[in-house]
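To start, the structure under review is shown below, and the notes come after it.
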Amino acid sequence: MSHRVNDDSSSTWETTPPTGDGPAEPTSRFSTSGSTASSYEDRSSRSSAYEDDPAPRFHKKKAKKKQPFWKELLVIFSVALLLTVVIQTFVARVFVIPSASMETTLHGCTGCVNDKVLVEKITYLFNDPRPGDVIVFRGPPNWTGGKEPPNFVVGTLQDLGSMVNLSEPSGTDFIKRVIAVGGQTVECCDDQGRVMVDGKPLDEPYLNFGGGPRQQDSFEKVTVPAGKLWVMGDNRNNSSDSRKHGDPTPADGAIPIDNVVGKARVIVIPVGRWGSISDFNPQTGGK
């Protein structure tokens, strides 16, 4: 005779009757269902996993040490200076007008706030200057009296200082208007006091005669050498330009195109004179 009892744990208890003639002690057997065994195995495996895995580690990030203010300021200043040098060398540069030779287009009067102009360098990488352009150029020896331009570092610092009126401009850079280019003939003047190029009078609405008669200082007829430019100031009778530097011959007053730094585009200081700089072509009436 057998009895089987099931409980919540799904255990089974079996009693086996004796066999044979003599009395025998019953044998019993206790078994656990598959689901319970599986749960034991799961717990065992999880216990083993916890034993194998090391305890979790918590890393505390070290706070970055803040740089002293003076170091940050030095880095900012160095980057700003580097960018200024790169931009002024390859893109554009601010020049101070040192004299009255371009009045009233540009102010360079003594005792007043001299104009500071933005000179752009990109245009002349692809094209040569043309008549009417207001250009900045390095003066050749017969313009500077043999004075050599300062080296790059000194020149840059001097230019930066002149922008904030802490130093004078280098004295080897000039700003004038292009009147004629290589191969053209320039002479002065027709019966109305106008400069002529290739026999035709120029239309120059930018000229300044200081309220006096429209009369210009005459100069010898000259053919501009190839690769050079004939330049003159808008304040025509108060300008030391190509007419005054023809040594040993009048043609030597022309300046080499290779000496051109860039084209004057905009007046940036003083604020009251903000505006573009006219490049009116006198040979074509501005066309």
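Quantities reported herein were computed from a predicted structural model and do not represent experimental measurements. Position 1 is the first residue of the sequence, and the numbers go up from there.
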*Which atom of V195 lies closest to which atom of Q216, heavy atoms considered*: CG2-OE1, 3.3 Å

*Okay, side chain of E103, backbone of A100: is any donor-acceptor separation there less than 3.5 Å?*
no

*Work out which heavy atom in D241 is nearest to a heavy atom in G233; give both atom names and the distance.*
OD2-N, 3.1 Å

*Treating Ile, Leu, Val, Met, Phe, Trp and Tyr as nodes and any side-chain heavy-atom pair under 4.5 angstrom as an edge, say whether V136 and V134 lie in one connected cluster.*
yes

*Is I267 close to I277 at the side-chain level, that is, under 4.5 Å between some pair of heavy atoms?*
yes

*Check whether any side-chain heavy atom of V94 lies under 4.5 Å from a side-chain heavy atom of V119, and answer yes or no.*
no

*Could I get the full list of salt bridge (charged side-chain N to carboxylate O under 4.0 Å, His left out) partners for K263, not counting sequence neighbours?*
D133, D279

*asked:* Return the OG1 to CG distance between T104 and N208, rounded to the nearest 0.5 Å.
replied: 5.0 Å

*Taking all atoms of both residues into account, what is the closest heavy-atom pair of P131 and Q283, and its distance?*
CG-NE2, 3.3 Å

_Would you say that more than 12 heavy atoms from the other residues, nucleotides or ligands in this model lie under 6.0 Å from the CD of E72, or not?_
yes

*Would you please say whether a donor-acceptor pair under 3.5 Å links the side chains of S101 and K176?*
yes

*Please name the pair of heavy atoms, one in P98 and one in V96, separated by the smallest distance, quoted to 0.1 Å.*
CD-O, 3.2 Å

_Test applied, side chain to side chain donor-acceptor pair (under 3.5 Å); reference residue, E204; option that passes from R236, R214, R194_ = R236

_Looking at G132, is its backbone amide N or carbonyl O close enough to the side chain of N281 to form a donor-acceptor pair, meaning the two atoms are under 3.5 Å apart?_
no

*Any idea which heavy atoms bring S218 and C188 closest together, and the distance?*
CA-SG, 4.1 Å

*Does S242 use its side chain to pair, donor to acceptor, with the backbone of V231 at less than 3.5 Å?*
yes

*Would you say the side-chain atoms of N142 pair up with the backbone N or O of G246, donor to acceptor, closer than 3.5 Å?*
no

_Please tell me whether T172 and T144 have a donor and an acceptor in their side chains that are separated by less than 3.5 angstrom._
no

*Could you check whether the rings of H245 and W143 sit parallel, tilted or perpendicular, using 30° and 60° as the cut-offs?*
parallel

*For K244, does the NZ atom have more than 12 heavy-atom neighbours from other residues, nucleotides or ligands under 6.0 Å away?*
yes

*Are the side chain of R177 and the backbone N or O of M232 linked by a donor-acceptor pair below 3.5 Å?*
no

*To the nearest 0.5 Å, what is the distance between NZ (K221) and OG1 (T185)?*
6.0 Å

*asked:* Using a strict threshold of under 4.0 Å (side-chain N to carboxylate O), is an ion pair present between D198 and K200?
replied: no

*Close side-chain approach of P205 to D203, heavy-atom, < 4.5 Å*: yes

*asked:* Main chain of Y124, side chain of N127: is a donor-acceptor contact present, judged purely on distance under 3.5 Å?
replied: no

*asked:* For F137 and F174, take the angle between the two ring planes, folded into 0 to 90°, and tell me which bin it lands in: parallel under 30, tilted 30 to 60, perpendicular over 60.
replied: parallel

*If every non-hydrogen atom of I175 is compared with every non-hydrogen atom of A264, which pair is closest and at what distance?*
CD1-CB, 4.0 Å

_Checking side-chain polar atoms at under 3.5 Å, does T105 have a donor or acceptor matched by the opposite partner on D234?_
yes

*asked:* Keeping W274 on the side-chain end and V268 on the backbone end, is there a donor-acceptor pair under 3.5 Å?
replied: yes

*Does H107 use its side chain to pair, donor to acceptor, with the backbone of D115 at less than 3.5 Å?*
no

*Expected output: side-chain S78 to main-chain L74 donor-acceptor under 3.5 Å*: yes

*Between E220 and R243, does at least one N-O distance fall below 4.0 Å, as a salt bridge requires?*
no

_side-chain contact (heavy atoms from CB on, under 4.5 Å), that's the test. Do V178 and I135 meet it? Break it down for me._
CA-CA 7 Å; V178 178; I135 62 170; 3.8 Å; yes

*Taking C-beta and beyond as the side chain, do V117 and R265 meet within less than 4.5 Å on heavy atoms?*
no

